[in-house]
*Asks:* 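Attaching a single structure in structure tokens format; questions to follow.
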Amino acid sequence: MTSPSRRPLILANAKMNLTIGRANAYLDQFLPAYRASPDREVAFAVPFTVLATLRERLQGRAIGLAAQDLFWEDEGPYTGEISAPMLTELGVSYTLVGHSERRMHLWEDDRMVNSKIRAALRHDLRPVLCVGEAEDTRMAGAAGSRVRDQVALALDGVKPRSGADLVVAYEPIWAIGTGRAASPADAVEMHNVIRAELRRLLGGQGEAVRILYGGSVTPGNIDAFMACPEIDGVLVGGASLKPEEFLRIVGFLPLPA
Ligand code: PGA
């Protein structure tokens, strides 16, 4: 069963979308219809340039603020980079780390991902470590070992104060933005691989880490994913950009008590 400490997290990933104008228009539609519920957590991972706008608009609402990346040093000669203290100053509580689009387009490797996770945890910023296999890896029957390696390398030497400070998002690359979500059964199998690795690396703390599924989550499949006790939430790209779709996703049916 899902441990009571693993409150489901529904995290929107806006990617490189949303200008300040578009973010405001989105919230004009989303906020009046949004009802917070104590049995779930909702957060928006948005571009750095709209964090301040969201912070202002989300004041007093039970919605968290997340970044999509951070740099591993706190300050210094790193032109163009953004550090954990700069994010926490803006009220950011989560940050994605190692999204496959960054690994692909910006050559982020496991060592960089590891340094970023350490930097986030040093500053009480909760990292959302993104892992997932490419389609050919799955076809070759190596999805489990690939993802296990990604988790082990990303968390090498990492000691969170509490497992609850860490989130892992399982996002198969072939399911991102394709409309071809993993089946809940395939996702559960991979979540079990990740959970076992978390227990090996973090001992008892591994139990409290939330593991999200991401990749073509929609209003049509959210309830099936959230009906699986192994799935502690979702990371939602495309569907999170449409307020009416994201409202339906955050309103997923709860597991029977
Ligand atoms: P998608 O993206 O929901 O559009 O597939 C998910 C993600 O990349 O986080």
*Asks:* By salt bridge (charged side-chain N to carboxylate O under 4.0 Å, His left out), which residues pair with Glu135, not counting sequence neighbours?
*Replies:* Arg180
*Asks:* Salt bridge check: are Glu207 and Arg199 linked by an N-O gap of less than 4.0 Å?
*Replies:* yes
*Asks:* With salt bridge (Lys or Arg N to Asp or Glu O under 4.0 Å) as the rule and sequence neighbours excluded, what pairs involving residues 82-95 come up?
*Replies:* none
*Asks:* According to a hydrophobic-cluster definition based on side-chain heavy atoms being under 4.5 Å apart (Ile, Leu, Val, Met, Phe, Trp, Tyr only), do Trp72 and Val97 belong together?
*Replies:* no
*Asks:* Are a donor atom and an acceptor atom from the side chains of Glu171 and His99 found within less than 3.5 Å of each other?
*Replies:* yes
*Asks:* Going by atom type alone, with no hydrogens or angles, which donor-acceptor pairs under 3.5 Å involve a side-chain atom of residues 236-249 and a protein atom two or more places apart or on another chain?
*Replies:*
residue	atom	partner	partner atom	Å
Ser240	OG	Val236	O	3.1
Ser240	OG	Gly237	O	2.7
Arg248	NH2	Asp223	OD2	2.4

*Asks:* Apply side chain to side chain contact (heavy atoms under 4.5 Å, CB included) to Thr137 and Ile173, showing your working.
*Replies:* CA-CA 10 Å; Thr137 307; Ile173 295 169; over 6 Å; no
*Asks:* Ignoring hydrogens and angles, tell me if any N or O in the side chain of Thr95 forms a donor-acceptor pair with the backbone of Pro127 under 3.5 Å.
*Replies:* no
*Asks:* Using the side chain to side chain contact (heavy atoms under 4.5 Å, CB included) rule, take Val209 and Arg195 through it: C-alpha gap first, then chi angles, then the decisive distance, then the call.
*Replies:* CA-CA 8 Å; Val209 176; Arg195 180 70 63 201; 4.1 Å; yes
*Asks:* Where does the angle between the aromatic ring planes of Tyr78 and Phe71 fall among parallel (under 30°), tilted (30 to 60°) and perpendicular (over 60°)?
*Replies:* tilted
*Asks:* Only counting residues at least two apart or in another chain, list the ones meeting side chain to side chain donor-acceptor pair (under 3.5 Å) with Thr178.
*Replies:* none
*Asks:* Other hydrophobic cluster members with Leu96, side-chain heavy atoms of Ile/Leu/Val/Met/Phe/Trp/Tyr under 4.5 Å, chained?
*Replies:* Leu9, Leu11, Tyr94, Val128, Val167, Leu212, Leu235
*Asks:* Is the backbone of Arg40 close enough, under 3.5 Å, to the side chain of Ser37 for a donor and an acceptor to pair up by distance?
*Replies:* no
*Asks:* Would you mind listing every salt bridge (Lys or Arg N to Asp or Glu O under 4.0 Å) that reaches into residues 24-33, with sequence neighbours excluded?
*Replies:* Asp28-Arg57
*Asks:* According to a 4.5 Å side-chain heavy-atom criterion applied to Ile, Leu, Val, Met, Phe, Trp and Tyr, with indirect links allowed, do Val131 and Met112 form part of one hydrophobic cluster?
*Replies:* no
*Asks:* Can you run down the side chain to side chain donor-acceptor pair (under 3.5 Å) pairs that involve residues 42-56, sequence neighbours left out, and say none if there aren't any?
*Replies:* none
*Asks:* Could you work out, with side chain to side chain donor-acceptor pair (under 3.5 Å) as the rule, every residue matching Tyr213, not counting sequence neighbours?
*Replies:* none
*Asks:* Are any side-chain N or O atoms of His191 and backbone N or O atoms of Glu230, one a donor and one an acceptor, separated by less than 3.5 Å?
*Replies:* yes
*Asks:* Return a table of donor-acceptor pairs under 3.5 angstrom between the side chains of residues 151-163 and protein atoms on other chains or two or more places apart.
*Replies:*
residue	atom	partner	partner atom	Å
Arg161	NH2	Asp124	OD1	2.5
Ser162	OG	Ala164	N	2.9

*Asks:* Run the numbers on Asp69 and Ile82 for side chain to side chain contact (heavy atoms under 4.5 Å, CB included), then give the verdict.
*Replies:* CA-CA 8 Å; Asp69 183 40; Ile82 302 284; over 6 Å; no
*Asks:* Tell me whether Asp232 is salt-bridged to Arg7, with the criterion being a basic N under 4.0 Å from an acidic carboxylate O.
*Replies:* no
*Asks:* Between OG1 of Thr218 and CZ of Phe225, what distance do you get to the nearest 0.5 Å?
*Replies:* 8.0 Å
*Asks:* Can you get from Val193 to Val168 by hopping between Ile, Leu, Val, Met, Phe, Trp and Tyr side chains that sit under 4.5 Å apart?
*Replies:* no
*Asks:* Locate the shortest heavy-atom distance separating Pro229 from Arg6; write the atom from each residue and the value.
*Replies:* O-NH2, 4.0 Å
*Asks:* Does anything in residues 71-87 form a salt bridge (Lys or Arg N to Asp or Glu O under 4.0 Å)? List the pairs, not counting sequence neighbours.
*Replies:* Asp74-Arg122
*Asks:* Minimum heavy-atom separation for Ala182 to Ala175, with atom names?
*Replies:* N-CB, 4.1 Å
*Asks:* Does one hydrophobic cluster hold both Leu106 and Val113, with members joined at side-chain heavy-atom distances below 4.5 Å?
*Replies:* no
*Asks:* Under 4.5 Å between any side-chain heavy atoms of Ile176 and Ser216, yes or no?
*Replies:* no
*Asks:* Apply the test side chain to side chain donor-acceptor pair (under 3.5 Å) to residues Glu133 and Tyr170: give CA-CA distance (whole Å), side-chain angles for both, the deciding distance (0.1 Å), then the verdict.
*Replies:* CA-CA 9 Å; Glu133 81 285 357; Tyr170 168 58; 2.9 Å; yes
*Asks:* Begin from the C-alpha positions of Glu108 and Glu101 and carry the test side chain to side chain contact (heavy atoms under 4.5 Å, CB included) through to its verdict.
*Replies:* CA-CA 9 Å; Glu108 253 187 45; Glu101 287 155 8; over 6 Å; no
*Asks:* Same cluster for Val250 and Ile231 if Ile/Leu/Val/Met/Phe/Trp/Tyr side chains link at under 4.5 Å?
*Replies:* yes
*Asks:* Can you confirm whether Met226 sits close enough to Pro8 that some side-chain heavy atom of one is under 4.5 Å from a side-chain heavy atom of the other?
*Replies:* yes
*Asks:* Give, for atom CG of Asp165 and atom OG of Ser93, the distance between the pair rounded to the nearest 0.5 Å.
*Replies:* 11.0 Å
*Asks:* Taking Gly98's backbone N and O only, do any of them form a donor-acceptor pair with Arg103's side chain (distance below 3.5 Å, no angle check)?
*Replies:* yes
*Asks:* Name every donor-acceptor pair, under 3.5 Å, that has one atom in a side chain of residues 60-68 and the other anywhere in the protein, sequence neighbours excluded.
*Replies:*
residue	atom	partner	partner atom	Å
Arg61	NH2	Leu31	O	2.9
Gln68	NE2	Lys15	O	3.1
Gln68	NE2	Ala45	O	3.2

*Asks:* Under 4.0 Å between a side-chain nitrogen and a carboxylate oxygen: does that hold for Glu41 and Arg210?
*Replies:* yes
*Asks:* Could you list the donor-acceptor pairs under 3.5 angstrom formed by side chains in residues 139-150, with sequence neighbours left out?
*Replies:*
residue	atom	partner	partner atom	Å
Ser145	OG	Ala142	O	3.2
Gln150	OE1	Gly132	N	2.9

*Asks:* Do Asn24 and Ile20 come close enough that some side-chain heavy atom pair is under 4.5 Å?
*Replies:* yes
*Asks:* Rounded to the nearest 0.5 Å, how far does OH of Tyr26 lie from CG of Leu18?
*Replies:* 8.0 Å
*Asks:* How far does CG of Leu198 sit from CG of Leu166, to the nearest 0.5 angstrom?
*Replies:* 7.0 Å
